[in-house]
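We number each residue from 1, following the sequence as shown.
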Amino acid sequence: ISLIDDIDISNDIKEAKAYSDGVVIILHGNNEYNNLPSPNLQKKCRFYIEQGASTILVHHAHVISGYEVWNNYPIFYGLGNFQFTLESKKLDWYEGLIVTLNFEKIQDSLSVNFTLLPTVMDELTYNVKLAEDEIYKQIMNQIESLNLIIRSEKSLQKHYEQFVESQRGMYYEMFNPYFNKNILFRLIGRFFLAKILLNSDFKKMYLNILKCDSHRLAMREILKKIIF
């Protein structure tokens, strides 16, 4: 996995701008099934625009998100799935967006215009077609609703806190050393192991590792050597 490094990305933007009119970033970020960016992701994307990026396209959530225009340049926080041949119980798994971009340079200024083309994927055959009629309107209305939240940092923070809370059980499962065994072991991890066996001191230590760059990077190197 290539981790997001703000310094490297900033340097890459500046290097690319030295021999091009515009810079488009395709970023692998955000949480699966989250229709909105995390506040941290929004902060990063806005920073990349300020560093000189002309457009940012974010993937990874597998569901459509909204977008915003920051310093005159667009940030698309999630294009959903175009064609992804795995089943899902979530209906928006089968929806996606095609973004067309038009770049125009006038003297030393670059303008970016765009259009959105919603797509739908057949749940059985995975064939893809452009959304039409009511489905088209539904997706476009959803995007506009998401955009309103994205424009409000307070609303976005509230949504993110709600989303994280909804994922609590999944992360509890990950404390279970038998996470991938079967449903019984996963339930044990979700409802018993993390809540009962992992005491407060352990949780504080684990939080400290995650918050501290030095500890987190060291732990990542250790796990890489164990796994690979």
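The CD atom of Q51 sits 11.5 Å away from the CG atom of D12 when rounded to the nearest 0.5 Å. Put simply, CG on L86 and NE2 on H62 are 8.5 Å apart, with the number rounded to the nearest 0.5 Å.
Salt-bridge annotation for E221 and K224: present, with a side-chain N of the basic residue lying under 4.0 Å from a carboxylate O of the acidic one. Here E144 does not pair with K137 in a salt bridge; the nearest charged N to carboxylate O distance is not below 4.0 Å.
Donor-acceptor pairing under 3.5 Å is lacking for the side chains of N30 and H60. In this model, no donor atom of one side chain and acceptor atom of the other lie less than 3.5 Å apart for W93 and E87. With hydrogens and angles left out, the side-chain atoms of Q157 and E161 include a donor and acceptor closer than 3.5 Å. Side-chain contact check for D6 and Y48: at least one donor-acceptor pair (N or O, by modelled atom type) lies under 3.5 Å.
Judged by distance alone, the side chain of N34 and the main-chain N or O of L36 form a donor-acceptor pair under 3.5 Å. Remark: side-chain polar atoms of S166 are paired, donor with acceptor, to backbone N or O of F163 under 3.5 angstrom. A donor-acceptor contact shorter than 3.5 Å is absent between the side chain of T119 and the backbone of L130. Judged by distance alone, the side chain of E68 and the main-chain N or O of R151 form no donor-acceptor pair under 3.5 Å.
S111 places none of its side-chain heavy atoms less than 4.5 Å from the side chain of N72. Between F103 and T55 there is a side-chain heavy-atom pair separated by less than 4.5 Å. Under the 4.5 Å side-chain criterion, counting only non-hydrogen atoms from C-beta, V58 is in contact with C45. The closest side-chain heavy-atom distance from I9 to D5 is not below 4.5 Å. For the pair Y33 and N31, the minimum side-chain heavy-atom distance is 4.5 Å or more. A 4.5 Å side-chain heavy-atom check between Y94 and N81 finds every atom pair outside the cut-off. Y77 places a side-chain heavy atom less than 4.5 Å from the side chain of Q42. Inter-residue side-chain proximity for K129 and V120 is flagged as met; some heavy-atom pair is nearer than 4.5 Å.
At a threshold of 4.5 Å between side-chain heavy atoms, the hydrophobic network of Ile, Leu, Val, Met, Phe, Trp and Tyr places V63 and L97 in two separate groups. Hydrophobic clustering (ILVMFWY, side-chain heavy atoms < 4.5 Å, transitive): L148 and I150 are in distinct clusters. Criterion: ILVMFWY side-chain heavy atoms under 4.5 Å apart, direct or through other members. Under it, I25 and L79 are part of a common hydrophobic cluster. The hydrophobic cluster containing I135 also contains M140, counting ILVMFWY residues as joined when their side-chain heavy atoms lie under 4.5 angstrom apart, directly or transitively. Grouping the Ile, Leu, Val, Met, Phe, Trp and Tyr side chains by contacts below 4.5 angstrom, directly or via other members, places L210 with M205.
With I56 as the fixed residue, the side chain to side chain contact (heavy atoms under 4.5 Å, CB included) test singles out one of I75, V24, I26, V23: I75.
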L91/E123 under side-chain contact (heavy atoms from CB on, under 4.5 Å): CA gap, chis, key distance, verdict: CA-CA 9 Å; L91 293 179; E123 296 179 31; 3.7 Å; yes
Stepwise side-chain contact (heavy atoms from CB on, under 4.5 Å) check, Q142 with E95: CA-CA 12 Å; Q142 176 194 9; E95 298 173 348; 4.1 Å; yes
L41 vs L27, test: side-chain contact (heavy atoms from CB on, under 4.5 Å). Steps then yes/no. CA-CA 10 Å; L41 177 61; L27 191 68; 3.8 Å; yes
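Ring geometry, F76 versus F114: the interplanar angle exceeds 60°, so the pair is classed perpendicular (tilted spans 30 to 60°).
Heavy-atom minimum distance, I143 versus S65: CG1-O, 4.2 Å.
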